[in-house]
Every structure is written in structure tokens, then in C-alpha cells.
Amino acid sequence: MRHHRKNTVLAAAAVAALSLGLTACGGSDTGAKDAGSASSAPQAAADQNAAKGGATATTGGSTTEGSTTGASTAGGSTSGGTTAGGKGTTASTASTGSATGAKASAKAPACAHGDVRITVEKADEVPTEHVVLTATNVSGRACTLLEYPLLAFGPIQTAKDVPAVAKSKPAAPIVLKNGEPAHANVRVSLGGVHEDNKVVKEFTVNLFAADGPAEGSVVVKAPAGGLAVNEAVAKTGYWTYELRNGADEF
């Protein structure tokens with residue numbers, strides 16, 4: 001009887017030990033599973049974040065590309081604006097023209113009196129109030145016709161200076177290629193019968209050098225019948241490629 005109980009106790013102890021062992025194994029598996037789950041969660045989160053990061057990077061790349069395209073477009077627009085500004089703004093064009101003229105005049109020396117042939121023609125009006133001077137480059141090279149003609153209606157030593165009309169001054173120097181002409185409008189009288197006029201058969205034209213009036217002069221023959229000149233009202237325009245409305249009206 002005691003032997004039977006002892007065996008029973010041992011059997012119960014063995015069952016209890018087995019149960020504990022199984023529980024421990026089950027707990028270990030569960031712990032491993034939990035640990036695995038816990039380990040997998042950060043990894044999944046990292047993968048998800050990486051995926052989001054990739055999407056963000058892609059979006060950022062797209063944004064950068066858009067900015068680059070925008071910059072290119074802006075650049076093109078700016079270039080177009082510059083062209084439109086240069087084209088539409090006369091002042092800008094005049095400034096550019098002045099710079100170009102300055103470069104051209106730097107390369108082309110001032111026309112000397114022997115470089116040009118000067119002729120005169122009455123304006124198409126009655127009575128004659130204006131004449132037009134034409135200076136043609138015959139030097140065989142380019143030269144710059146500076147300022148305005150220095151006129152003397154009579155002996156150079158005693159003739160009255162003929163002033164220039166400021167509004168007729170062109171924006172850029174007049175650079176003449178060989179054979180190319182320039183013109184200047186000149187008022188010689190007011191067309192009145194009772195003016196203090198004098199008839200001249202010829203007159204003198206002097207040119208400007210870079211540092212002032214040039215040496216030498218050109219004697220120009222007046223049109224047939226001479227010119228009735230009132231030195232008190234005489235004035236001249238600047239040299240220009242062609243006479244202009246407004247600027248050369250005085």
C-alpha cells in the first residue's frame with residue numbers, strides 16, 4: 001500500500017515536471033515569437049520609413065527638376081525680355097548705338113578737310129531760307145564726321161560764327177564709309193524782303209577734329225545766282241546721315 005502510494009507520488013511528480021517542462025518550452029516559443037514580432041516591427045517600420053523616404057526623395061527630385069526647368073524658362077524669358085527691351089526702348093537702342101558709334105569712331109579717325117567733298121543745294125522753298133550741305137567721304141577709307149560744319153559766310157577772319165542747333169545733334173557719331181554722304185541743314189535767312197542780307201557766291205566750311213576745330217577748310221561754291229544770307233539769323237544743324245523731321249527743322 002505504501003509502495004503503491006509512493007509510486008503514485010512519483011508518477012504525479014513526473015507528470016508535474018513534464019507539465020512544467022512543456023510550459024517552459026511553450027513560454028520559450030511564445031517569447032521567441034514575441035521577440036521575433038518585436039524585432040520584425042522596427043524592421044517593418046524602418047522599411048516603411050525607407051519607402052516613404054524614397055518617395056520623399058523622388059518627390060524632392062521632381063521638385064528640383066521642376067525648379068531647374070523653371071530656371072531655364074526664367075532664363076529664356078529674361079533673354080527674351082532683354083531683346084524686347086533693346087528693341088522697344090529707343091533710349092536703350094540709342095545707348096547701344098552710341099556705344100557702337102563710339103567703337104566705330106575709335107576705329108575710324110576724324111574726317112579731315114581733304115577727306116570729304118562738300119556741296120550745297122537750296123531747299124525746295126521760295127524764298128530760300130535753308131540750304132543743305134552734303135559731305136561725301138572720298139578718302140578711300142572710313143572716317144568720322146564730327147559735330148557740325150563750321151561756316152563762314154565771308155572772310156574767315158571777319159565772318160560771324162554760325163551757331164549750331166542742339167536738338168539736331170545725333171545720338172551717335174557719324175561714321176562714313178568711303179563714298180558715303182552725310183548732310184547738314186543750314187538756315188541762311190528768314191525769307192524777308194527787308195532783311196539785312198548779303199549775297200555770297202562762295203563760303204567756307206571747316207570741320208572738327210577730336211580736340212576741336214581742325215586745320216584747313218573747304219571752299220564751297222554757292223548755287224547759281226548766289227545765296228542771300230542774313231548772318232544775324234543764320235544757324236546750322238549737325239551732320240547726320242539723313243535729314244530728320246523735327247530735329248532738323250529750325
How far apart are the closest heavy atoms of [X] and [Y], and which atoms are they?
X      : Y      : result
Asn206 : Ser217 : OD1-CA, 4.2 Å
Ala184 : Gly237 : CB-O, 3.8 Å
Trp239 : Leu146 : CD1-O, 3.6 Å
Lys122 : Pro223 : CG-CG, 3.9 Å
Val205 : Pro149 : CG1-CB, 3.9 Å
Thr144 : Ala108 : OG1-O, 2.9 Å

Enter the distance from [X]:[atom1] to [Y]:[atom2] here, rounded to the nearest 0.5 Å.
X      : Y      : atom1 : atom2 : answer
Cys143 : Glu180 : SG    : CD    : 9.5 Å
Glu129 : Asn230 : CD    : CG    : 11.0 Å
Leu176 : Tyr241 : CG    : OH    : 6.0 Å
His113 : Leu207 : NE2   : CG    : 8.5 Å
Thr236 : Arg187 : OG1   : CZ    : 12.0 Å
Thr136 : Asp115 : OG1   : CG    : 12.5 Å

Problem set entry | Asp248 side chain to Asn185 backbone, donor-acceptor under 3.5 Å |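 Side chain of Asp248 to backbone of Asn185: no pair is present.
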Problem set entry | Flag, side chain of Lys160 to backbone of Phe153, donor-acceptor distance under 3.5 Å |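 Here the side-chain-to-backbone pair does not exist.
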Exercise. Tell me, do Leu151 and Leu133 make a side-chain contact under 4.5 Å, heavy atoms counted?
Worked result: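 Yes, close enough: below the 4.5 Å cut-off.
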Is it the case that over 12 heavy atoms from other parts of the model lie below 6.0 angstrom from the [atom1] atom of [X]?
X      : atom1 : result
Lys167 : NZ    : yes
Asn178 : CG    : yes
Arg117 : CZ    : no
Lys169 : NZ    : no
Glu125 : CD    : yes
Glu249 : CD    : yes

Problem set entry | Step-by-step side chain to side chain contact (heavy atoms under 4.5 Å, CB included) determination, Glu195 to Leu190 | CA-CA 8 Å; Glu195 285 187 87; Leu190 296 175; 3.4 Å; yes
Hydrophobic cluster membership, with links at side-chain heavy-atom distances under 4.5 Å among I/L/V/M/F/W/Y: are [X] and [Y] in one?
X      : Y      : answer
Val186 : Val120 : yes
Val132 : Ile118 : no
Val233 : Val162 : no
Val131 : Val220 : yes

Problem set entry | Verdict with supporting geometry, Phe203 and Val229, side chain to side chain contact (heavy atoms under 4.5 Å, CB included) | CA-CA 11 Å; Phe203 56 94; Val229 178; over 6 Å; no
For this session: Fit a plane to each ring of Phe250 and His130, take the angle between them on a 0 to 90° scale, and name the class: parallel (under 30°), tilted (30 to 60°) or perpendicular (over 60°).
Result: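 Perpendicular.
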